[in-house]
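First listed ligand is number 1; within each ligand, the first listed atom is number 1.
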Amino acid sequence: MKKFICMITSAITLSACNMPKENPVTSPDTFDYNVEQFADIGILRYRVEGFESLSLQQKKMIYYLSQAAVAGRDIFFDQNGKWNLAIRRTLEAVYENYKGNRDNDQFKALEQYLKQVWFASGIHHHYSMDKFKPEFSKEFFAETVQSIDNSLLPLKEGESKEDLIANLSPVIFDPSIDAKRVNQAAGEDLIQTSACNYYEGVTQEEAESFYNNMKDLKDETPVSYGLNSRLVKKDGKIQELVWKTDGLYGEALKEVVYWLDKAKSVAENEAQQAYIEKLIDFNKSGDLKTFDEYAILWVKDTISDIDFVNGFTESYGDPLGMKASWESVVNFKNKEASKRTETISENAQWFEDHSPVDKRFKKETVKGISAKVITAAMLGGDCYPATPIGINLPNSNWIRRDHGSKSVTIENITKAYDMASLGNGFNEEFVWSDTEQDLMKKYGFISDNMHTDLHECLGHGSGKLLSGVDPDALKAYGSTLEEARADLFALYYIADPKLVELGLLPNGDAYKAEYYRYIMNGLMTQLTRIEPGKSVEESHMRNRQLIAKWIFEKGAPDNVIELKKRDGKTFVIINDYDKMRTLVGELLAEVQRIKSEGDYEAGKNLVENYGVKVDANLHKEILDRYARLQIKPYKGFVNPIYIPITNDEGEITDIKIAYDEGYAEQMLRYSKEFNALPTYNN
Ligand code: ZN
């Protein structure tokens, strides 16, 4: 599971608009976090502090893993939609070879569209899941593609340029085709109305019964059914096409394995070597039991400094929440900051015992929650360029129950957000008074990081399912409710005097910064990410609105939270922080009950009643105020470059890190260096 950044810290200054790429960053004092902006996106860069002081062996390992992190990039494009690679490769050919006027509006619009496609790893917005609307014409597209040499275009055997244009044009320009990557609208066939490439020719009902037939609810240690395959109907028969080195996506997975194998040779210890070996086995066999064995070995390795995720991990991109997108994060431990999360982990049992949920749903023994603060060194697949700030894995419920989970806060990413947003005017516009602004100035960064720590280290790891309850019982509402559970756990404890006692927060006021930020975001400011007329769809956003609206409504008799107008602008005021915490506790108890019992109806009602609908007037007001600030609502990152230095014998003697690569430059390089996957994968 992942936690994504909320609005405030994701804000960015306007100054870097379309800054040219040549801004080499070497000195720490002049590190420039802003790279460029386009559409609704701001591109930042992150610093890998501490890389220079790693040993040569560790640097090599990070280099090999960083190659493995990019090697699976095209898998994610194809998972997001079957036309994505063809469209990206065609546009890249145009972008690099077009001889016409590159300053005209049509070409500029095509360039922006390509940047959006790179960012979203496909033609659908990474967050709203809606298909992008190109601002260049169908005619311009046809004309530019016509002008490109055949050898540069991703033509299939026997396919002409005219065919390619005819095939891609409707997908790009007709809004009714593949309108949504992941459709979550209740009552519709979620598979047939979603453009993602996890199913072919099957209905939702067929897919659900296919997997229900596989499941044995008495199995205490079930594999993650459907995790690593596309479900297709061929000749009337439903079957899985498994993603493995000699199966679907094999060409890319072979490259991943090549680099993992190199990383294995410089692993820090045998435990680490063993789990890399298992991961390689899994990539070769596609056997989900092997995947579980890997996950168990991985979660037990808490001594290595370097760590990574590489493979099919999160299932947010599948409307049924089973099939996992390919992703990678390479990182190493930030030892100083990890003292904070270690303190939380050491007290995990105390937190579990004192939580406001029913005893039946609590873990008697909280097993091995290992929590650390990490420095990201490379992002790939579903973690790039948009990236989470916290990750908690593995996702398998029984592995978490029996073996625990690893939880990380990615602090060089949160720091980059924070640095890039200094002075952008967001708080001045949306925060009610100096009192709240001061709270946020003083405690915003620390309380936000603390929320992430609690969400990841404790929230996702807390509670248990009653035996016999299907882990997928909440179906399409599962992700939202799981995020709500983790957020509520974090919100409940961030206000606990225990945190001050443990030295994790400076005083009893610090949590108020997070309470205020959370409610303001959930009730108002996250609406900046939603287009007029649309409702909330993404699961983290649904969760935040669900929590904020529920507390707002339940606290109304006591005036716990108010929405007040000043000069025609709406503001959030929290009148009673103590009472708000009580309500957080009540909702946590209910959401845990829903999860533990698999109460689908109650879960559905909570999400549909509080998490989805948008007040049109408030929405318009927030969008107008936000537009005046000219802040981009979404952020992502370019990666650093790792450059191996070799001696005359070809041995690596050092790895240098550089931060001077621009966004388009990086995307084009990745597309060229890691292009093993065919354009169409069937
Ligand atoms: Zn989460």
Open item on the list: On the six-membered ring of Tyr577, is Lys512 placed so that its NZ or CZ lies under 6.0 angstrom from the centre and within 45° of the ring axis?
Closed with: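 Relative to the ring axis of Tyr577, which defines the angle, Lys512 lies inside both limits.
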Open item on the list: Please determine whether a side-chain nitrogen of the Lys or Arg among Asp130 and Lys180 lies less than 4.0 Å from a carboxylate oxygen of the Asp or Glu.
Closed with: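 So Asp130 pairs with Lys180 through a salt bridge.
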- [ ] Kindly report the NE2-the Zn ion (ligand 1)-NE2 angle for His455 and His460 respectively, rounded to 10°.
- [x]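 With the Zn ion (ligand 1) as the vertex, NE2 (His455) and NE2 (His460) sit 90° apart.
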Task: Heteroatom N/O/S of Glu483 within less than 2.8 Å of the Zn ion (ligand 1) - done: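 Looking at Glu483, which is the residue asked about, there is an N, O or S atom under 2.8 Å from the Zn ion (ligand 1).
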TODO: Decide, counting backbone as well as side-chain atoms, whether His540 has an N, O or S atom less than 2.8 Å from the Zn ion (ligand 1).
DONE: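 So His540 does not bind the Zn ion (ligand 1) by this criterion.
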TODO: For residues His354 and Tyr493, establish whether the separation of their ring centroids is below 6.0 Å.
DONE: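 Ring centres of Tyr493 and His354 not closer than 6.0 Å.
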TODO: Report the C-alpha distance between Phe282 and Phe291 in whole Å, list the side-chain angles of each, state the deciding distance to 0.1 Å, and finish with yes or no for ring-ring contact (aromatic ring centres under 6.0 Å, His included).
DONE: CA-CA 6 Å; Phe282 170 64; Phe291 180 71; 4.9 Å; yes
